[in-house]
Structure formats: structure tokens, C-alpha cells
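Numbering of ligands and ligand atoms starts at 1, following listing order.
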Amino acid sequence: MQKIFTKPFTQQEAMPEAGIEAVTDLLRTGRLHRYNMVADELSAASQLEQDYAQWQGRDYCLACTSCGYALHIGLRAMGVTAGDGVLTNGYTLAPVPGAIANVGARPILVEVNDHYHLDLHDLRHKAETSGAKVLVLSYMRGHMPDMHQLMQICNELGIQVLEDCAHTMGAKWQGIRAGNFGVMAAFSLQTYKHINTGEGGLLVSNDKHMMAKAIMHSGSYMLYERHGAAPEAEAFTDIRYTSPNMSGRMDNMRATLALAQLPRLEENCQRWNQRYDLLAEQLAKVPGLYIPPRHADEAYVGSSIQFMAQGIALAHLPDFVQACAKRGVELKWFGEAEPKAFTSRYDSWHYVEPQHLPNTLAVLEKTLDMRVPLTFDLADCQLLADIIADVCGDFVQQ
Ligand SMILES: *Cc1c(COP(=O)(O)O)cnc(C)c1O
């Protein structure tokens, strides 16, 4: 009998009970706006900034509406203006080029290699030919490149790095957390990331001038002194009249939900990796599939898995994805020319100057992606691997 997977790929774990209670208490006060506080009480949004800055190991943290928004105001705070070239990965999620477009800047796309990492040769080449001085480094689907080499190149060429850590909250390279390499870093609290508040973003930095600007942009009115992990008031003196309010604050309800999940983050990262490692081990054995090995220095968080269908003809990949779907296994194909749901290829961003990235295209054409929600247990992961292996048997060329 054919095995079928029946669990939904979109189901998340319930909010911790303590979080549900805390939100209920908050709702009873009606004080949902982050600046709607009594006396010198710290709002939940400010508390989240304080706790996350400490967890992350950065001086400053700003809670806002989304990771894409955090990237956008991060770029502004770093001094990027209209017409500037901004380097970024050719393989990333649409909000990343969107954040660059939001400041009127021009995304300059850098190739990714078959480990889903930014290609450091192409980074150097594109930086030198374009003169761009800012890199939005996207750890798309949680893959961290050799950060030592990458930062060396960026330092040498005078490039400032803004890290897109949407999928690397909790990940590390050589023991250093993702988000602690660049001058600024953005995290996502959107449902499919590592803390789930529906929507939400965190921007972190050790640079007080940049953070002061970002806080002004986020819509702090003149209440920046009420923030939980902000630079001292004098950092705002020179910029408070010149930094437009681009309204994108976090509210206390979402902050309360994030605060309830933060103590479990470390443990959840381990739970993701138990699932990821089982899947990776099983899928690596399937003839025709290839899983790029991860570097020993990379402590990843496997909240999704990517693999390459080396043994399946390109023309048959859509059928393969459909055959898996029929058995309950939801795969996304990054090679799809037409953008679908959350995935899109860089050439579908028509607002970006046309650019040709042959290596990235070759990698994406072979790449399949599967979400690994924590509502799946290890037996589920084994079943998923069995079904994929089974379907692969019908498609892989002999
Ligand atoms: C989800 C995601 C984002 C955007 O996060 P939002 O909070 O939805 O704006 C940016 N980059 C990557 C790689 C992502 O996966």
C-alpha cells in the first residue's frame, strides 16, 4: 500500500499558555500601543527589545512590523539613498529586493553557489565593478556562508553589511550568532520563522547613530527614551528633526507573544535540527537527490530543508513535485519561472534592472524546498523521507 502523509505543512505549534494568559491580561488593559504605558512601566515592546538584545548579544534592538520593514529602515539608517547600488543575493525572498527598492536603491544581484551561499568571487567582482558599498547579506533558508572570508572581503573593500537573518535566528558561525557580523541585522517574527507572532521584525546593531536613526524612522514620535534597548538620548539630538517618521512600530500584543517564546528558542532550534538531521540523512541516501553538506563551522537551524534533484530531468520536475503533493508532501521548486506563493526567481522581479546569473539559475533549477514545522515529529520526518524516496524511484533516470 502506498504511504501517504496527512499532516498539514502550515500548522504551527500553539502559543505557550503563559503567552496566551499574558496577552489576555494585556487585552483587558486595552493598552496595545507600545507608548501607551502607565508611569515608568516598560511596555512589552520595550521589554522585548531589552530581552532580545541581551539574548542576541547586541547593544541595541528595535522591534517593528516586519523583517522587510527592518531591512528598509536599516538601509536608510546606514545612509543608503535613492539611486545607490546595493549588493544582495540572487537567491533570496522577495522582501529583500523590495526593501532595497523601498529606499529607491538598485539591487545588484550576486551569484549563489551550489551550497546556497553567496559566491564570494562574484561578490568581489560585483562590488568592484559597481562600486556599491552596502551588502544586504541574506541567509536565505538559513544557509550561512564562510563568514570569516566574507567579512574579510567586505572589510577590505569598505562594504557595510546588513544581515537578513529571517531564517537564522539562533544560528551561528564559529560560535558567533548570525546577526552579530554586520553593522546591522534584521530578524523576522513572521509565522514561518523561529518566533511566531504572525508578523513582526527586530533590528539589532551596536552602532548608536544608525540605531537612533532607525528608531526615529520606525515612528517613535519623540518617545525614543521609552525604548528598551536604545542609545542614550544625546544620540538623537542631531537627527530628531531630520529623520522622517515611517510608522512601523511593533504593538504590545505581538511583543507579548514573542516574549513568551524567547525562553524556548534555544530548545526549539534543537528540535528543528533533530528533524532536519533525520531528513538530511535519509534524503542523502536517495539515488538522484543531492544535499549540499553543511560546513562544520555552521550551527544551522533546520526549519526547512533544500535538496537538489540531480537525477531528475528538468522537464519532469513539475510532475515530480505534483506526484509528491499527491502523497501529501508539499515541495516548492525554486526553478519555477513563474513566481508561486512564497517563492520567486530573481528574474521575476521586473522592477530590478535585468541581470543574468547563470550559476544561480542552474542551482535554483535543481532545487526543491520543504518546510519542517515543529508540529511534525521524527516519525513524520521518516515518513516524508520514505515517500520522497519512493516517488523519486519513479522519476530518476537510470
Ligand atoms: C521571511 C523572510 C524575509 C521577510 O520577513 P518578513 O518579516 O515577512 O518581512 C526576508 N528574508 C528572508 C530570507 C525571509 O525568509
Inset, instruction - Decide salt bridge (charged side-chain N to carboxylate O under 4.0 Å, His left out) for K7 and D380; before the verdict, give the C-alpha distance in whole Å, the side-chain angles of both, and the deciding distance to 0.1 Å. - result: CA-CA 8 Å; K7 283 195 183 174; D380 292 329; 2.6 Å; yes

Legend entry - Region of V96 that comes within reach of ligand 1 [heavy atoms, distance under 4.0 Å]: side chain

Legend entry - Region of A166 engaging ligand 1 - heavy atom pairs below 4.0 Å: side chain

Inset, instruction - Determine, stepwise, if the pair H194 / S303 fulfils side chain to side chain donor-acceptor pair (under 3.5 Å). - result: CA-CA 8 Å; H194 300 170; S303 51; 2.8 Å; yes

Can you name the atoms of ligand 1, numbered from 1 with element, that are less than 4.0 Å from a heavy atom of [X]?
X	result
S188	5 (O), 6 (P), 7 (O)
K193	1 (C), 2 (C), 3 (C), 5 (O), 14 (C), 15 (O)
L93	1 (C), 2 (C), 12 (C), 14 (C), 15 (O)
S66	7 (O), 9 (O)
H167	15 (O)
P95	4 (C)
C67	4 (C), 5 (O), 6 (P), 7 (O), 9 (O)
M140	13 (C)

Are [X] and [Y] within salt-bridge range, i.e. N to O under 4.0 Å?
X	Y	answer
R249	E49	no
R271	E13	yes
E199	R254	no

Inset, instruction - Please confirm whether Y346 and H356 have ring centers closer than 6.0 angstrom. - result: no

Legend entry - Min heavy-atom dist R141 to ligand 1 below 4.0 Å: no

Inset, instruction - Could you tell me whether ligand 1 has any atom less than 4.0 Å away from a heavy atom of S138? - result: yes

Legend entry - D164, L202, T191: member with heavy atom nearest to atom 13 (C) of ligand 1: D164

Quick check: does any side chain N or O of [X] sit under 3.5 Å from a backbone N or O of [Y], one acting as donor and the other as acceptor?
X	Y	result
E163	G179	yes
D84	V86	no
T88	P107	no

Would you say [X] has any N or O atom under 3.5 Å from an N or O of ligand 1, going by distance alone?
X	result
Y69	no
L71	no
G68	yes

Inset, instruction - Just do the ring pair (Phe, Tyr, Trp, His ring centres under 6.0 Å) check on F5 and F376 with the steps written out, would you? - result: CA-CA 11 Å; F5 190 75; F376 294 177; 5.0 Å; yes

